[in-house]
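Working notes, beginning with the structure itself.
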Number of protein chains: 2
Amino acid sequence: MDRKVATIQDVARIAGVSTATVSRTLSKPSVVARSTREAVLDAIETTGYRINATASNLRRQRTGTVIVLLPDIANPFFSQILAGLASVLTPAQYGMLIADTQSGPDPDEQLAHYLTSGQADGVILLDGTLSPRALDIPGRPPVVMACEWMDTTTPSVRVENARGAALAVGHLARLGHRHIGHVTGPTGNVLSETRLEGFRDALSALGLPLRDEWVIEGDFSMDSGAAAARAWLALDSRPTGLFLSSDQMAVGFMGELQRRGLTVPSDVSVVGFDNIEIARHLSPGLTTVRQPRTRIGVRAAEMLLSLIDTGLLEGPTEMIEVEFMARESSAAPPR
Amino acid sequence: MDRKVATIQDVARIAGVSTATVSRTLSKPSVVARSTREAVLDAIETTGYRINATASNLRRQRTGTVIVLLPDIANPFFSQILAGLASVLTPAQYGMLIADTQSGPDPDEQLAHYLTSGQADGVILLDGTLSPRALDIPGRPPVVMACEWMDTTTPSVRVENARGAALAVGHLARLGHRHIGHVTGPTGNVLSETRLEGFRDALSALGLPLRDEWVIEGDFSMDSGAAAARAWLALDSRPTGLFLSSDQMAVGFMGELQRRGLTVPSDVSVVGFDNIEIARHLSPGLTTVRQPRTRIGVRAAEMLLSLIDTGLLEGPTEMIEVEFMARESSAAPPR
DNA sequence: TCTTGTTCTGTAATCGTTTGCAGGGAAGCG
DNA sequence: CGCTTCCCTGCAAACGATTACAGAACAAGA
């Protein structure tokens, strides 16, 4: 009976045609005569034939797979980007192979492995800390970076990080804050650097003071946000408004302050970055800069597909707009 | 030069042996003579040869891929399970293909598609709402369910959901609560049902009353938690302690109450389920039931690999322990 | 010397598709 | 009626590996 899965040969035999015709019926139906096409489709129906992707890929010299390399699968920030990627790749018949750069030994090595192994038609790279030299492989499949980036030549999808920082600073300034601080992401990360720069530029454009001790180092995590809260408390002169480079840090920051009996925004105004889902469910709701993460994924996937199919691209980098979300965690400074 | 990627033929030619020998050098080195082995390895080195996975898989009638089917990629709850899966599958040379059951049209159809398409050597199923009939496919690859489950025959990894509920109820009762309510997950979901049942059983075991209106329907999301807060506020007689079937709902619940000026745990004690990262960063810290999600992923992957390799399994289901985490969101009821 | 066994290697078939090429037949045209 | 053109279809060669089988070389034992 069904002891074996049907192959194209079985279909061909039953339909009384050659395997070539069956294949063509599936790939370009327009070139086969209507009557044969129907016979073939009937035979496919009765046999329950499903095309063997491995064989097809071997013959067509492709893999039907794109690899998504991210620094940390467990970080929920990426899950929505994955959703965006999947929404484009799945309909285009590409599978998404997910790999974690942190789990293996050497991340650069791992990238090189995937680029040379021929296991993928393309790579989506979400980790900007790899070295650009790792991409120096002749004949490698196309690579698109998303969120983070490494250089100006590799195609990438980014958000307006500097503008987001400026929006945050402008908002705090408009509320009356003159002493504004910042909690950064990890050093060396392009996002951290770009947002910090945007923060600095916005301050000086507004003629506001910037003290070194008002820039507290974090690493995007909730824990580092809680640590930043303790650092802020320990300051002699505390900024009244704070822009944190990620919502996760803002959550940790506010939580730590509240557990110590302080109140946001009465004691300090807080602005985050990302607009993760929880931002509007917190109390107070977290003022933040929205990054359309699904859209980032969608655009990155579209760019990659275009590179795979045509090898061409309109522009090397695509900039995605951010949007400011004012909520209750920011208010006028205490007098 | 490097215009083409080297094949096993190139290696064979350079090493002066047949392709069979090259293949053997790679798969079982012990059967080839030491001198030839070294010559082959040298040739591999100079050509930069990498085995073509597609061709190898075609010949060996496997795919080197397992498919992970989950209800919603964007849900951060799953990302840590994915991390656990990856930590086992990647070292075992399996790729992880991620697919979303909600994105496509008919989830059952989608599962059937993956089971018959021969695109995977195994399937990890994280969605228990599919119909068990969808697994009724002769010769299908092995399937392991994780977190949720559908029947007693399909291998699965679960946590002690009923016990978790009992721990939550016991904790509240010990604090002095006599009126305890519950916010459920979506109806039809096994986790919702099992936790609800555990909740009911625990109440009656303790001789505590259960009113129907104290069971509020949710769907695991933060939004539904906020909605539950409004429903709780609208009750004539409100339970003083509440067990919510997910931390996300607890977050939404507490946030909504706090924004309306109420205080947790003074006005109501809250216990969640999952112990997501944010639980300990909230203010007050969220009392909850910990599910070791990485471990769930690890065990599910190990079971699947064992099924793929040997077709055997020790037991059909594996139960993972939960752990109660008392924090500040629960306290003695208001007098 | 002949037989037997061991160890290593090569030949060639095979996995299930896709696709360039060529041929058969019908239709159109002069 | 002959020639060209156009559809449609089949033949057969790939794609790049794995592996059953057989054969070669050599050593050891009788």
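None of the values given here were measured: they were computed from a predicted structure.
A heavy atom closer than 4.0 Å to some atom of DNA chain C occurs in no member of residues 39-47 of chain A.
Taking 4.5 Å as the limit, every side-chain heavy atom of A:Ile124 sits out of range of all side-chain heavy atoms of A:Ile67.
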Protein-nucleic acid N or O pairs under 3.5 Å, nucleotides 4-7 of chain C:
none

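When only modelled atom types and interatomic distance are considered, B:Asp127 and B:Thr101 share a side-chain donor-acceptor pair under 3.5 Å. A side-chain donor-acceptor contact under 3.5 Å links A:Arg158 and A:Ser156. Under the 3.5 Å distance criterion, with hydrogens and angles disregarded, no donor-acceptor pair is assigned to the side chains of A:Thr47 and A:Asp10. No side-chain donor-acceptor contact under 3.5 Å links A:Asn57 and A:Thr54.
A:Val143 and A:Leu307 make their closest contact through O-CD1, 4.3 Å (heavy atoms, listed as atom of the first residue, atom of the second, distance).
Under the 3.5 Å distance criterion, the side-chain polar atoms of A:Gln119 are left unmatched by any main-chain donor or acceptor of A:Leu97. Judged by distance alone, the side chain of B:Thr194 and the main-chain N or O of B:Val190 form a donor-acceptor pair under 3.5 Å.
No more than 12 heavy atoms of other residues, nucleotides or ligands sit less than 6.0 Å from atom CZ of A:Arg295.
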**OP:** List the protein contact pattern of nucleotides 14-20 of chain C with one symbol per nucleotide (5' to 3'): B for base contact, S for sugar-phosphate-only contact, - for none; contact means a heavy-atom distance under 4.0 Å.
**Re:** BBBBBBB
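Distance CD (A:Glu38) to C1' (D:dC8): 16 Å, rounded to an integer number of Å.
Cation-pi contact between B:Arg62 and B:Tyr94: present, with separation from the ring centre below 6.0 Å and deviation from the ring axis of at most 45°.
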